[in-house]
> 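One structure is given below, represented as structure tokens, and several questions about it will come after.
We're numbering straight along the sequence, starting at 1. Being a predicted model, the structure only gives us computed values, none of them experimental.
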Amino acid sequence: VEKNCLYNIYAGLVCFFFSVFTDSLWTILGERLGVKVRQLYLSAIMRQSVAWFDENKPQELPTKITSLINSYQSGIGGKVGKLILTISMAISGVIIAFIYGWHPVSYTHLRAHETREELVCRLLLEKK
């Protein structure tokens with residue numbers, strides 16, 4: 001039992017450090033891409049003709065750029081990294097389950113092996 005406990009603790013620590021590491025990398029990537037897109041957006045605005053500035057209000061451009069880039073950074077930075085982490089953890093969970101013998105257990109099978117204390121707890125919970 002202690003051996004399995006240590007394996008679970010080690011696996012949890014590895015997952016924790018891996019998730020912090022990947023989250024940090026995706027946040028840095030989002031920030032760097034945000035800076036690059038800001039530069040490209042500003043250079044595209046500066047190449048516009050004077051008539052374009054008559055149609056678009058120049059005082060609204062900084063707010064527009066900031067809101068667009070912030071949504072872009074939050075989408076790239078956190079969400080993509082968490083999506084990749086979630087998918088990889090689900091796939092690795094299924095692989096580990098197949099390696100160590102994944103077989104469904106029925107509710108009646110679980111009830112047949114419950115101890116007296118578990119029975120008391122179950123009955124108390126079912127009363128509610």
> In Å and rounded to the nearest 0.5 Å, what is the CG to CG distance from L13 to N8?
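These two atoms lie 11.0 Å from each other.
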> Rounded to the nearest 0.5 Å, what's the gap from NZ on K64 to NZ on K57? Could you check?
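Interatomic distance, K64 NZ to K57 NZ, rounded to 0.5 Å: 11.0 Å.
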> If only atom types and distance count, is the side chain of D23 paired as donor or acceptor with the main-chain N or O of S19 below 3.5 Å?
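No; judged by distance alone, with no hydrogens or angles, the pair does not exist.
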> Can you measure from OG1 (T63) to CD (E60) and round to the nearest 0.5 angstrom?
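So the OG1 of T63 and the CD of E60 are separated by 7.5 Å.
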> Mind checking what makes side-chain contact (heavy atoms from CB on, under 4.5 Å) contact with F16, not counting sequence neighbours?
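Expected list: V20.
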> SG of C15 to OH of Y10: how many Å apart, nearest 0.5 Å?
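Spacing of SG (C15) from OH (Y10) equals 15.0 Å.
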> Can you sort out the partners of L33 under side-chain contact (heavy atoms from CB on, under 4.5 Å), two or more places apart, ordered by chain and number?
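If we apply the side-chain contact (heavy atoms from CB on, under 4.5 Å) test to L33, skipping adjacent residues, the hits are L29, Y72, I76.
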> Does F53 have any side-chain contact (heavy atoms from CB on, under 4.5 Å) partners at least two apart in sequence or in another chain, and if so, which?
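Result, side-chain contact (heavy atoms from CB on, under 4.5 Å) vs F53: I45, Q48, P58, L61.
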> Quick one: CD1 on I96 to CD1 on I91, what's the gap to the nearest 0.5 Å?
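I96 atom CD1 to I91 atom CD1 measures 12.0 Å (nearest 0.5 Å).
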> Heavy-atom distance under 4.5 Å between the side chains of I69 and Y41, does that happen here?
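Contact flag for I69/Y41 side chains = no.
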> Going from OG on S92 to CD1 on I87, what distance comes out if it is rounded to the nearest 0.5 angstrom?
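The CD1 atom of I87 is 12.0 Å from OG of S92, to the nearest 0.5 Å.
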> Looking at every non-hydrogen atom in both residues, tell me the closest pair between G30 and Q73 and how far apart they are.
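G30 and Q73 have their closest heavy atoms at O-CG, 3.2 Å.
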> If you apply the rule side chain to side chain contact (heavy atoms under 4.5 Å, CB included), what do you find for I28 with R32, and how did you get there?
CA-CA 6 Å; I28 292 169; R32 287 184 179 179; 3.8 Å; yes
